[in-house]
Amino acid sequence: MRVRRNTVYNASAGQQLWINCQVFFCNDSPTTVTWYKVEEAIVPVNVSGDSHIKTEWKPLNKSAGIFYLMFQNILRHDSGQYQCQGGGSMGHPITVNVYDHAEITTITQNNLTVSTTSVPDNTEILLLYVYSAAGITTFVIIVIIISVISMRGCKGKPKKDSQVENQQMEIPMVDQFFSKVIFKHLERGKRKTLCSAISEM
């Protein structure tokens, strides 16, 4: 029997939990293995048809295999230490801790720790979807608003508006030019008509 020392399984009530021990034997016929619960005395685990605890054998090769103890719907009173025995040998005890609320299942074997999370209930899954949908919707709205603002800010003035402004700007400049030329000629005392002054330009 090969089980690592100080192996601990933490599980929440209602979860499925498998513990195991590796079995090595000298001949081709596997030895009979039994799981025991270590309490005040060593008691065989009830794996009858009406029990929520089952066993399973998985051969690895001709001289080795893994013997599983499966808790299909683990209960609070399943907490305790379990040992596998067979062929005159016994594995190290495996500690199983069962808690009433959902939490992380941690498997500790010597210095190796493997963690898995328990299955969330329907309320947690629904809240996850609601928060995800709200976040995506908010993101899409922000992108649309930024796009609309950017498109309006980059547009120039319409051509008609710029043409009207140019015409309004040209008229005063022409008037100023003509008035300067006329006053210039009148100041010099030239007796040219307005038409000749304009034609010189």
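Values below: all heavy atoms of this structure, side chains included; hydrogens, waters and symmetry mates excluded.
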Worksheet item: Only one of Val45, Ile42, Asn46, Val96 clears side chain to side chain contact (heavy atoms under 4.5 Å, CB included) with Lys37; which?
Response: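 Single side chain to side chain contact (heavy atoms under 4.5 Å, CB included) partner of Lys37 among Val45, Ile42, Asn46, Val96: Val45.
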Can you tell me how far [atom2] of [Y] sits from [atom1] of [X], rounded to the nearest 0.5 angstrom?
| X | Y | atom1 | atom2 | value |
| --- | --- | --- | --- | --- |
| Gln81 | Asn97 | CD | CG | 9.5 Å |
| Cys21 | Gln85 | SG | CD | 10.0 Å |
| Ile144 | Phe139 | CD1 | CZ | 10.5 Å |
| Ile74 | Gln15 | CD1 | CD | 8.0 Å |
| Tyr68 | Leu17 | OH | CG | 12.5 Å |
| Asn20 | Glu56 | CG | CD | 11.0 Å |

Could you see if [X] belongs to whatever hydrophobic cluster contains [Y]? Use Ile, Leu, Val, Met, Phe, Trp, Tyr and a side-chain cutoff under 4.5 Å.
| X | Y | result |
| --- | --- | --- |
| Val47 | Val23 | yes |
| Ile19 | Val38 | no |
| Ile141 | Ile149 | yes |
| Phe25 | Val33 | yes |

For residues [X] and [Y], report the shortest heavy-atom separation together with the two atoms involved.
| X | Y | answer |
| --- | --- | --- |
| Ala64 | Phe24 | CB-CD2, 3.6 Å |
| Gln72 | Lys54 | NE2-CG, 3.4 Å |
| Gln22 | Leu60 | NE2-CD1, 4.4 Å |
| Leu69 | Thr55 | CD1-CG2, 3.9 Å |
| Ser89 | Met1 | OG-CG, 3.4 Å |
| Val98 | Leu75 | CG1-O, 3.4 Å |

Worksheet item: Does the side chain of Ser63 come within less than 4.5 Å of Asn61's, by heavy atoms?
Response: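 The answer is yes; the side chains approach within 4.5 Å.
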Worksheet item: Are any of the side-chain heavy atoms of Val3 and Cys84 separated by less than 4.5 Å?
Response: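 Of all side-chain heavy-atom pairs linking Cys84 with Val3, at least one is under 4.5 Å.
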Item to complete: Return the orientation label for the His77 and His52 ring planes: parallel under 30°, perpendicular over 60°, tilted otherwise.
Response: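 Ring orientation, 0 to 90° scale: perpendicular.
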Fill in: Check: Ser48 main-chain N/O paired with Ser51 side-chain donor or acceptor under 3.5 Å
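Flag not set: sc Ser51 to bb Ser48 has no pair under 3.5 Å.
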Discussion item. Quick check: Tyr9 with Tyr82 (ring centres under 6.0 Å apart)?
Written reply: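 Distance test on ring centres: not under 6.0 Å, no.
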Discussion item. Is it the case that over 12 heavy atoms from other parts of the model lie below 6.0 angstrom from the CZ atom of Arg2?
Written reply: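 No - once you tally the heavy atoms of other residues, nucleotides and ligands closer than 6.0 Å, there are 12 at most.
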Item to complete: Under the side-chain contact (heavy atoms from CB on, under 4.5 Å) rule, what do Trp35 and Ile53 come out as? Steps first, then yes or no, please.
Response: CA-CA 11 Å; Trp35 281 100; Ile53 305 174; over 6 Å; no
